[in-house]
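Bear in mind the structure is a predicted one, so any value in this text is a computation, not a measurement. Every heavy atom of this structure was used, including side-chain atoms; hydrogens, water molecules and symmetry mates were not. Chain naming here is simple, since letters A, B, ... match the order of the sequence lines and numbering starts at 1 in each.
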Amino acid sequence: MQAKKNIYRFLSISLFLASVFTCTGQVDSTRHIGSISIGIDISRFFVSIWNPIQNNFEFQANAAIGKSFTITAEAGLLKSKFSKETYDYELSGSYYRIGSHFNLLKRNPEEQNSIYIGLMYGFSPYWHKADHIQIKDNYWGTESGSLARNDLFSQWMEFNAGIQVGIFKNWLLGWEIRTRFRISRNEDPVMAPFIIPGFGKGEKNFTLGISYYVYYRIPYKKRK
Amino acid sequence: MIKKYGFVLFLIVFIIATSFPSCNFERACDKPTKFPVQTKFYNSNSSTLRDTVLKDVSLYGIGREDSLIYNDIDTNRLNYRLSPFSETTKIILNAFSNTDTLTFHYARHLELVSQTCGFAMFFDIKEVTFSGSFIDSVHLIDPTLDASKEEHLQVFVH
C-alpha cells in the first residue's frame, strides 16, 4: 500500500510538478545525508522495440557532494545491426558521460526526492561498417561491394533537467530530459553513422532525449 | 481520479517519451541517387550561344552496344549516366548520319545518401574528350554531377 502510494507520488510529481520547480514547503536542515546511487536506464530496453538496436544498456552512478551538488558518471553500450534492401549495416560502441547535477529543492534529510538541472560532457568511441552494398544502375548493371570497419569518435555536451522520487526506502525512480550538442566528431565522409551511441541520430548536431532511471541509494554519512 | 489512472498515464507518457527521441519511421527516399550528365547541344558557327537540334540521334555506351539509351530522335538535349563501375565511360553518339565518341574520365566515390535511399555513386569529371566527327568542341560547366544542375556539359557541333 505504501509502495503504491509512493508510485502515485512519483507520477504526480513527475507529470505535474516538473515545471513548477518550487521549494515551497521544503524543510531546510543542517543535517546532511551523503549518498551514492547506482541506477539503470530502463528506457533503453524500450527504445530497442522501435529501432534496429539489438543491445543498449546504460548505467549511472552518482555521489551527493554537499547539500545540492551531485557528481554523476554514466556508461553505456550500444549495438545496432540491420539489413536494408541494398545493404547491410552494423555499428557498435560504448559511451560515457560525466558531469554534475544541482538539486533545486532544499534538502530535507529524510527526503529522497529531488528536482535537478545538470551539465555533462559525453563521448563515444564506436565503429561502423556496411556489407553487401548493391549499386544498381538499370543501364550499366549491378555490382556489390562493402565498406570496411571505420573507427569513429564523437564528443558532446548535455544540459539536463530531471526528477528523482523515492518509491521505497533507498529505491528511487527518476526521469531526465537531455539536450545534447555535438562539439566534435571524427567524420566518416562516406557514410554518416546510423546512431552515435549515447548521443542519437548520426547526422544531427543537436538531439533531445529522455532517460528513465531506477536507482538504488546507499547513504554513507550522517551528521548534525 | 489522478490516482486511479495515474499508472496508466505514466505508461502512456513513458512509451511516447521513450520512442520519440529516436523514432525511426520508414519514409520513401526523397533524395536523388542517380546523376546523369545533362548535355545540351549548341551551334559552333553561331557568334552567340544558340542551341541546336540534332536530327536522328541515337546514343549508347561502349560495353552496352546492345542497348540504346536514345534511338532515332530529334533533340537539343540528352541525359545519360556514367558507368558507376569504371573511371572511364565512352558514349557513342550518332547524328547527321555520322558517329562521334564522347569519352569521360572521372573520379567516383560511394556515399550513403540516407538510410532509406541507400548508397549512391557520386562523380567528379576530370576530362571530356571527343573524336571530332561532327562535334567541334565541348565545355564542361560543372565537373561535379549534381542533381540540382540543369546543364553539366555543352557540346558545340558543326
Main-chain N/O of [Y] paired to [X] side chain as donor or acceptor, under 3.5 Å:
{"X": "A:Ser80", "Y": "A:Pro52", "result": "yes"}
{"X": "B:Thr144", "Y": "B:Asp146", "result": "no"}
{"X": "B:Asp51", "Y": "B:Phe41", "result": "no"}

Over 60° means perpendicular and under 30° means parallel, so classify the ring planes of [Y] and [X], tilted if in between.
{"X": "A:Tyr89", "Y": "A:Tyr87", "value": "perpendicular"}
{"X": "A:Tyr215", "Y": "A:Tyr213", "value": "parallel"}
{"X": "A:Trp171", "Y": "A:Tyr216", "value": "tilted"}

Contact class of [X] relative to chain B, heavy atoms under 4.5 angstrom:
{"X": "A:Ile177", "answer": "neither"}
{"X": "A:Asp41", "answer": "neither"}
{"X": "A:Ile135", "answer": "both"}
{"X": "A:Ser48", "answer": "neither"}
{"X": "A:Phe82", "answer": "side chain"}

>> Taking side chain as everything from C-beta outward and backbone as N, CA, C, O, which of these in B:Tyr60 sits under 4.5 Å from a heavy atom of chain A? Side chain, backbone, both or neither.
In response: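 Both backbone and side chain.
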> Hey, which of B:Arg81, B:Glu111, B:Met121 has the most heavy atom pairs under 4.5 Å with chain A?
Replying inline: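 If we count pairs closer than 4.5 Å to chain A, B:Arg81 comes out on top.
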> With respect to chain A, which residue among B:Ser114, B:Pro84, B:Gly118 yields the maximal number of heavy-atom pairs within a distance under 4.5 Å?
Replying inline: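 Top count of heavy-atom pairs under 4.5 Å with chain A: B:Pro84.
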